[in-house]
Amino acid sequence: MAAQQTQGIQTLLEAEKEAAKLVQQARQYRTQKLKDARTESEREIEEYKQAKEGEFKAFEASHAGNTSNVQAAIDRETEVKLRAITESYNKNKDVVVKKLLDRVVLAHPALHRNLKKVSN
């Protein structure tokens, strides 16, 4: 009977060792799967990031020409307005100077209409 119990205990110990090995393998497998999943997700994120950066650069390149075209149009419009202002200045400067001089030189001194004469 003692031999049977010893053999039963030995069988249980072996089964326990086998179960511990299986648990250890499962843990290692799970750890490896997590590492693989993390690596795969990082790779996918990097690919997605590069794709989006490529799209952005393409968008930026396609719209960069528009910016320079708009800037050129604004520069032309500014030049036209500056020419118009300069022409107006050259055309009207003599008239304005004459009006200013007339106001300064041809002053008519007079008492203000609200001023009342004080009688003594």
Side-chain angles (χ1 to χ4, degrees):
M1 180 96 122
Q4 262 184 338
Q5 285 180 350
T6 306
Q7 187 179 12
I9 292 174
Q10 191 65 29
T11 305
L12 285 174
L13 288 174
E14 287 176 15
E16 189 177 331
K17 285 180 186 178
E18 187 66 29
K21 282 183 187 178
L22 288 174
V23 169
Q24 183 62 30
Q25 287 175 351
R27 285 183 181 151
Q28 288 176 347
Y29 179 77
R30 188 188 90 183
T31 303
Q32 187 61 41
K33 282 293 189 184
L34 286 172
K35 286 180 183 177
D36 292 345
R38 186 176 296 124
T39 304
E40 180 68 19
S41 66
E42 287 174 357
R43 185 185 60 77
E44 287 177 3
I45 289 170
E46 189 60 34
E47 287 176 1
Y48 183 76
K49 185 177 177 182
Q50 288 176 354
K52 287 300 178 183
E53 283 179 4
E55 288 177 22
F56 175 72
K57 288 186 185 210
F59 176 81
E60 193 175 41
S62 70
H63 288 80
N66 293 344
T67 304
S68 61
N69 292 343
V70 170
Q71 185 64 41
I74 290 172
D75 290 343
R76 285 191 301 271
E77 185 179 332
T78 303
E79 189 65 34
V80 168
K81 287 182 180 181
L82 279 173
R83 269 191 248 120
I85 290 170
T86 304
E87 288 173 10
S88 175
Y89 164 77
N90 289 330
K91 185 174 116 180
N92 296 320
K93 70 180 179 181
D94 293 333
V95 174
V96 171
V97 169
K98 184 171 180 353
K99 283 183 180 181
L100 285 172
L101 287 175
D102 286 347
R103 290 288 179 181
V104 171
V105 173
L106 300 177
H108 301 290
L111 296 176
H112 194 273
R113 66 176 178 252
N114 290 337
L115 184 66
K116 293 183 180 180
K117 201 175 200 184
V118 179
S119 58
N120 284 352

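Numbering starts at 1 and runs along the sequence shown. Just so it is clear, the values below take in all heavy atoms, side chains as well, and ignore hydrogens, waters and symmetry mates.
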For Lys99 and Arg103, run side chain to side chain contact (heavy atoms under 4.5 Å, CB included): C-alpha distance rounded to whole Å, both residues' side-chain angles, the deciding distance at 0.1 Å, then the answer. CA-CA 6 Å; Lys99 283 183 180 181; Arg103 290 288 179 181; 5.6 Å; no
Sorted by chain and number, sequence neighbours left out, salt bridge (Lys or Arg N to Asp or Glu O under 4.0 Å) with Arg43 holds for Glu40, Glu47
**Study point:** Heavy-atom check, side chain of Glu14 versus side chain of Thr11, under 4.5 Å
**Key:** no
Those residues at least two apart in sequence (or on a different chain) that pass salt bridge (Lys or Arg N to Asp or Glu O under 4.0 Å) with Lys81 are Glu77
Is there a side-chain contact between Val23 and Arg27 in this structure, where contact means two heavy atoms from C-beta onward sitting under 4.5 Å apart?
yes
Rounded to the nearest 0.5 angstrom, the CD-CD distance for Glu60 and Glu55 is 13.5 Å
Are Lys98 and Asp94 close enough for a salt bridge, meaning some N to O gap below 4.0 Å?
no
Separation between CD1 (Ile85) and CD (Glu87), nearest 0.5 Å, reads 11.0 Å
In this structure, CG of Leu34 is separated from OG1 of Thr39 (nearest 0.5 Å) by 10.5 Å
Taken to the nearest 0.5 Å, the spacing of Leu12 CG from Lys17 NZ works out to 12.5 Å
**Asked** Would you find a donor on one side and an acceptor on the other, under 3.5 Å apart, between the side chain of Ser88 and the backbone of Ala84?
**Response** no
>> Any non-hydrogen side-chain atom of Lys21 less than 4.5 Å from a side-chain atom of Gln24?
In response: no
By side chain to side chain contact (heavy atoms under 4.5 Å, CB included), Lys49 pairs with (sequence neighbours left out) Glu46, Glu53
**Asked** Please walk me through it: do Lys52 and Tyr48 pass side chain to side chain contact (heavy atoms under 4.5 Å, CB included)?
**Response** CA-CA 6 Å; Lys52 287 300 178 183; Tyr48 183 76; 3.2 Å; yes
